[in-house]
Amino acid sequence: MSPGKSPRRKKAAAHPAHTANGDAVERDLAWLRQVIDLRFTPETADGALPPPPTLGDDGTPYSQGLRSLTLGDGERLVLVLALAPHLAPDHLDPFLLHNKATGQRFTQFGGVTGQAHAGFLPTAETALFLLGGYSQGRRLAHRHLLSPTHPLMARGVLHLDLRHSDEPALSAVLRPSPAWLERLLTGEENDPPPGPGFPAQRITTPLDWDDLVLEPATRRQVAMLDGWMRHGDTLMNGWNLARRLKPGYRCLFYGPPGTGKTLTASLLGKRHGIPVYRVDLSRIVSKWIGETEKNLGALFDQAQHRNWILFFDEAESLFGKRTESRSSNDRSANQQTAYLLQRVEDFPGTVILATNHRGHMDEAFARRFQSSILFPLPDAAARLRLWQDIFRNDAFTLDPAVDFQALADRYELAGGAIVNVLRHASLLAVERSPPVIRAADLIQGIREELQKEGRSP
């Protein structure tokens, strides 16, 4: 095999749809290899880009994805370059050549090598080398393709990962977003895996609106949020209210634990077919100055062009009141809050902040919410309905001595606490034959819940 050439791949049998999409991808990878060969051949190193393959109307995920992006030739080349390490890393092996005079790689190619990944990872410098060759004029003409405001970056298709802030901006690693990589390869959008780069996790519920017990005033306010999710696009675009209103919807849910805040967010997503992501504040908040903003930035960057609901539970730990700036830590915390406020305001989707204590929230956030909804403890009538609904199950029977009306009248419990009582009583009943839940089981479970809340039984 001649130097710099990739081994020929043997094609295994595959599903016809996968084969068609693979062929579409392979054509663009072959074009990338053609461009690389052009730049590495002295006689043609500064030549014009060869045209990309014709984008067929084959209905494949790759072709449909490219069509939706409406890319020019240069933009398409940058995208294919970013995909190459994930699809055909050997195509980039020529960039691993070493300069015989220095014993190091050629710096004009840019790029880095990974830790687990042995191949070449392209950077913005690599893209400019392929786009413009050795001509500074052509490189400058293409720099806008790598700007944060360019649609490929602004829409979250590609990311530039600058690993060291004191290094040149063009040394940032060029990588596709996991969502777009999956979309181009399979036509699907899988949930981003939770981790440092995505500090959130999708939440769902098997319950329906009939299972949610809310006060009438709370339900009316939730209906307003629900109405925005149904008609927001019509109002902003059809009614031209985008001239007056900021995009997105920002809402505060506040009230005691277990009163339905998380369930309401999950049901809104379920009704409208919108993913709901609960933000993991433990992965966001950092004691290091600037790290919290960086972690939040990564989250909002991925969510910016998705139709998602971002749900911040126990939000007071992140959106708490600002303090007088007496130290560098105070100033950092206040800058962090200001950054949060700006990102929340600019987010075009739905942001729900949930807290048990509204008074702990920064008023600057509260003033910018479209709604602030109280989830109070249920009254006796609502508690009765919760007891009856939660314990409606054919797997066990209830002892005749169980009196839900008396329990609802006597004990002020939220729905979440009653669910915990169900768990406690079920663990006792499952050991019996036949499985029976006794009144004493419920009283014992209630006492444990009250003790957790610091209340006497």
Side-chain angles (χ1 to χ4, degrees), residues 9 11-12 14-32 52-53 55-71 75-92 114 116-117 119 121-122 127 150-161 172-204 269-270 272-280 283 297-310 347-349:
R9 291 180 175 81
K11 294 185 178 180
H15 189 280
H18 296 163
T19 299
N21 201 49
D23 290 343
V25 172
E26 190 63 47
R27 285 192 292 271
D28 268 16
L29 289 171
W31 173 56
L32 170 65
L55 199 58
D57 189 16
D58 52 17
T60 61
Y62 187 79
S63 297
Q64 289 181 327
L66 291 188
R67 286 185 182 280
S68 72
L69 294 171
T70 60
L71 303 177
E75 295 162 322
R76 186 168 168 185
L77 180 65
V78 172
L79 175 59
V80 179
L81 175 64
L83 296 175
H86 303 267
L87 304 175
D90 55 299
H91 280 31
L92 304 181
H117 179 77
L121 298 176
H150 187 278
L152 279 175
M153 310 297 170
R155 293 178 61 181
V157 181
L158 299 179
H159 298 288
L160 285 172
D161 183 9
V173 176
L174 181 67
R175 58 183 178 84
S177 72
W180 269 96
L181 179 63
E182 193 68 24
R183 177 174 174 179
L184 291 170
L185 298 186
T186 67
E188 300 176 357
E189 287 198 35
N190 291 348
D191 294 344
F198 187 72
Q201 187 159 6
R202 188 169 181 178
I203 57 174
T204 58
K270 184 177 183 178
H272 298 282
I274 298 174
V276 182
Y277 286 93
R278 177 162 50 198
V279 180
D280 185 351
R283 292 183 182 272
L299 171 67
F300 277 105
D301 287 346
Q302 293 201 53
Q304 191 69 22
H305 300 283
R306 313 286 190 85
N307 189 23
W308 288 351
I309 297 173
L310 294 182
F347 183 59

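Computed from heavy atoms alone, side chains included, the values below leave out hydrogens, waters and symmetry copies.
Rounding to the nearest 0.5 Å places CD of E26 at 10.5 Å from OH of Y62. In this structure, CG in L174 is found 10.5 Å from NE2 in H159, a value given to the nearest 0.5 Å. With rounding to the nearest 0.5 angstrom, the OG atom of S68 is 6.0 Å from the CZ atom of R155. One distance of note links CG of L83 with CG of D28; it measures 8.5 Å at 0.5 Å rounding. Rounded to the nearest 0.5 angstrom, L152 CG and L69 CG are separated by 6.5 Å.
Ring planes of F347 and F300: perpendicular class, angle over 60° (limits at 30 and 60°).
At distances below 3.5 Å, at least one donor-acceptor pair connects side-chain atoms of N21 with backbone N or O atoms of L184. At distances below 3.5 Å, not a single donor-acceptor pair connects side-chain atoms of T60 with backbone N or O atoms of A20. In this structure, T186 contributes its side chain and E182 its backbone to a donor-acceptor pair below 3.5 Å. A side-chain donor-acceptor contact under 3.5 Å links R67 to the backbone of L55.
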Take L121 and H117 through the test side-chain contact (heavy atoms from CB on, under 4.5 Å) and record every step on the way to the result. CA-CA 9 Å; L121 298 176; H117 179 77; 3.5 Å; yes
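For R27, the salt bridge (charged side-chain N to carboxylate O under 4.0 Å, His left out) criterion is met by D58, not counting sequence neighbours.
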